[in-house]
Amino acid sequence: MIQTDKILPNKRERLYNYFAGKLTTAENLNRKVVSFQANKTEPIYRWFKYKEGFSSSLVKYFLTKYSPNPGKLLDPFAGTGTALFAAQHLGWKSYGIEILPVGIFVMKTREALCSIPLEKLHTTINNLWNDFSQLQDCNKHIHHISITKDAFPEETELSLDKYLTFCATIEDKNVQQVLRFAAFSVLEEISFTRKDGQYLRWDYRSKRTLSGKPFDKGEIETFEQAVTRKLNQLVQDLSSPHSHSLFDLPSNNGHQPIPLTIVEGSCLEELPMMEENVFDFIITSPPYCNRYDYTRTYALELVYLGYDHTQVRDLRQSLLSCTVENKDKIDYLNRVYSSLGKLSIVDAVLSVYNNSEAMTETNDILEELNTLNRLNNNNIPRMVKNYFLELCFTIFEMARIIKPGGYCVMVNDNVRYGGEEIPVDLILSEFAEKFGFNVREIFVLPKGKGNSSQQMGNYGRTEIRKCVYVWQKI
Ligand SMILES: C[S@@+](CC[C@H](N)C(=O)[O-])C[C@H]1O[C@@H](n2cnc3c(N)ncnc32)[C@H](O)[C@@H]1O
């Protein structure tokens, strides 16, 4: 007798079949267009590369295509603010939520640049090294945490402390911000480290005891060299005729640029506090479910911004779960909703999550693979489970606060663990439908990754999709 489970497609494949008509390969949206790489001609992104970002052109493309009349836009995972500034440039009122101080710092710098008298900046930069050398007292600003200890050559660290002491003496807060940003954006170059996926990679010249093949990151610039280079780049870009894109913003009543609102905090906490039916458009890219740890990758920048061990550890736990270290946030979510008198929402969201067969299948399979020791970390099932649960809450909230007819565009990658594909695009689109979105399109970027035969999943589709989903509120 044939067993039914052999002839019935599995739950993820069923979901695939359900959404098959919406999946379209988008030839015009290749990786380069979507990712931060397309930003490299834009001043601020050229100065500090936030590789997790998407591109301004992607944002402008979707806004123009789906919603040509400017209104209110939200990015709940704002990063360095690509969506906010691109939309502002098209005349939108932009709102962003971001939890990582790194993105907030970059956004603030961009804002500072819009209100800075260029002359003043030039004068400060011209006198910089002279004034710097005359500085007598120097305070300790860089307080390392264990994962950044000995990251800088001793002389560089002294210069960093002196530079930050000097910056604090600059009266104009906007000029101060830009100067602090210049050093912030060269921290990787002047250190013994290189950002490398989940961790920092350490050069053989550092004082650390390192195992494995020695890593040589090449020439390490001195602090003065790197900051001078960065400031030259900045001044050159700001003085070039193309830099008008940074300042030439559509105005409110012909005077002030359209204001932009940036909230530092977790969208899991901020979204439930927002009114419903407010936004015309949401464009966002949450962290991917890929174990990438923002707090380790940006540890040097966090320390530079004054974050200590406890703050970095707490930050890691507050970010959307996407590393194996993340613990579950259900108690926290209960507290958030309870404080707003909206506890019934927790049950409603949990019910959508628990009723997704593809989600349950994914969680069950990962648990089983774990028992069979087929995952390279025991916490992968917990991470995946919580990643989707937290995004389920986020999608519920996005559906609530967007106006009927409004669009939500989300950029995200699928992932694979223990050989099993996790169709992030389909599961999140299923949640979106349950919360009142119509799934208009799931654009698949032309070249997926990881389609080698060993990595292929054991059902139907084999390529790991990288997608842009377009949902419209009914
Ligand atoms: C893929 S990046 C978005 C990058 C952004 N699109 C850009 O162009 O810069 C995801 C962002 O979500 C942020 N994030 C993670 N958890 C968050 C949370 N709970 N609330 C708000 N932001 C969060 C991360 O710090 C990260 O900057």
Side-chain angles (χ1 to χ4, degrees), residues 31 33-40 42 44-60 62 73-88 94-110 195 261-274 282-299 301-302 305 307 312 314-323 325-329 332-333 336 383 386-387 389-395 397-398 408-413 415 424 466-468:
R31 254 165 200 286
V33 173
V34 173
S35 77
F36 81 100
Q37 292 171 56
N39 280 338
K40 58 177 181 240
E42 296 229 1
I44 196 100
Y45 308 113
R46 217 158 86 78
W47 307 332
F48 178 73
K49 291 193 183 72
Y50 196 59
K51 296 202 176 86
E52 301 70 31
F54 50 36
S55 73
S56 286
S57 43
L58 176 91
V59 176
K60 290 184 176 169
F62 278 102
L73 170 131
L74 170 75
D75 184 348
F77 297 99
T80 49
T82 317
L84 314 189
F85 292 103
Q88 184 191 39
S94 301
Y95 296 77
I97 307 170
E98 171 58 46
I99 200 166
L100 200 68
V102 172
I104 298 284
F105 186 73
V106 175
M107 289 191 265
K108 292 218 167 117
T109 306
R110 185 161 175 152
K195 297 191 194 318
T261 309
I262 299 164
V263 177
E264 181 165 7
S266 171
C267 63
L268 294 172
E269 205 165 324
E270 298 296 332
L271 293 175
M273 290 193 277
M274 291 181 163
I282 295 177
I283 180 158
T284 197
S285 173
Y288 298 167
C289 188
N290 59 3
R291 300 185 59 179
Y292 185 84
D293 188 340
Y294 287 82
T295 58
R296 289 188 194 280
T297 304
Y298 291 101
E301 288 77 7
L302 289 171
L305 295 175
Y307 276 64
V312 173
D314 292 348
L315 195 57
R316 187 172 303 135
Q317 286 305 328
S318 308
L319 265 104
L320 191 89
S321 291
C322 62
T323 78
E325 284 170 74
N326 284 110
K327 313 234 168 68
D328 84 47
K329 297 190 182 53
Y332 159 80
L333 287 163
V336 167
M383 172 191 76
N386 291 328
Y387 178 82
L389 184 59
E390 291 160 31
L391 276 182
C392 198
F393 276 92
T394 311
I395 296 169
E397 292 298 342
M398 294 197 304
C408 174
V409 173
M410 185 181 279
V411 180
N412 205 335
D413 276 10
V415 287
V424 181
K466 182 181 172 72
C467 301
V468 182

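First listed ligand is number 1; within each ligand, the first listed atom is number 1. For the single chain, residues carry numbers from 1 onward in sequence order.
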*For Gly103, is the nearest heavy atom under 4.0 Å from an atom of ligand 1?*
no
*Is Val424 close to Met410 at the side-chain level, that is, under 4.5 Å between some pair of heavy atoms?*
no
*For ligand 1, which atoms, with element, lie under 4.0 Å from some heavy atom of Thr82?*
7 (C), 8 (O), 9 (O)
_Ionic contact status for Glu301 with Lys195, cut-off 4.0 Å_ = yes
*asked:* Using a 4.0 Å cut-off to any heavy atom of Thr80, which atoms of ligand 1 qualify?
replied: 7 (C), 9 (O)
*What atoms of ligand 1 come closer than 4.0 angstrom to any heavy atom of Ser318?*
19 (N)
_Is there a polar contact between ligand 1 and Glu98, counting only N or O atoms under 3.5 Å apart?_
yes
*Find all atoms of ligand 1 within a distance of less than 4.0 Å from any non-hydrogen atom belonging to Gly265, and give their numbers and elements.*
20 (N), 21 (C)
*Are any of the side-chain nitrogens in Glu325 or Arg296 under 4.0 Å away from the carboxylate oxygens of its partner?*
yes
_Tell me the nearest of Phe85, Phe77, Tyr294 to atom 23 (C) of ligand 1, using heavy-atom distances._
Phe77
*Side-chain contact test, heavy atoms from C-beta onward, threshold under 4.5 Å: evaluate it for Pro286 versus Leu391 and give yes or no.*
yes
*Taking only heavy atoms of Pro76 into account, list the atoms of ligand 1 that are under 4.0 Å away from them.*
21 (C), 22 (N)
*Should Pro286 be counted as touching ligand 1, given the test is an N or O pair under 3.5 Å?*
no
*For Ser266 and ligand 1, does the shortest N/O to N/O distance drop below 3.5 Å?*
yes
_Within the structure provided, determine whether Ile282 and Asp75 are in side-chain contact (heavy-atom separation under 4.5 Å)._
no
*Are Leu271 and Leu74 close enough that some pair of their side-chain heavy atoms sits under 4.5 Å apart?*
yes
*asked:* Measuring only between side-chain heavy atoms, which start at C-beta, is Phe85 closer than 4.5 Å to Ser56?
replied: no
_If the contact criterion is a heavy-atom separation under 4.0 Å, does Ala83 count as touching ligand 1?_
no
*Which of the numbered atoms in ligand 1 are below 4.0 angstrom from a heavy atom of Phe54?*
6 (N), 7 (C), 8 (O)
*Would you mind running through ligand 1 and noting each atom that sits below 4.0 Å from a heavy atom of Leu320?*
15 (C), 16 (N), 17 (C), 19 (N)
*asked:* Taking 4.0 Å as the limit for heavy-atom contacts, which would you say applies to Tyr288 with ligand 1: side chain only, backbone only, both, or neither?
replied: neither
_With heavy-atom distances below 4.5 Å as the criterion, would you say the side chains of Asp413 and Lys466 are in contact?_
yes
*asked:* Is it true that, when you exclude Lys329 itself, more than 12 heavy atoms of the residues, nucleotides or ligands shown sit nearer than 6.0 Å to its NZ?
replied: yes
*Establish, yes or no, whether a centroid distance under 6.0 Å links the rings of Tyr50 and Tyr298.*
yes
*Nearest heavy atom to atom 3 (C) of ligand 1 wins, so pick from Ala86, Ser285, Pro287.*
Ser285
*Going by the order shown, which atoms of ligand 1 are within less than 4.0 Å of some heavy atom of Gly79?*
4 (C), 5 (C), 9 (O), 27 (O)
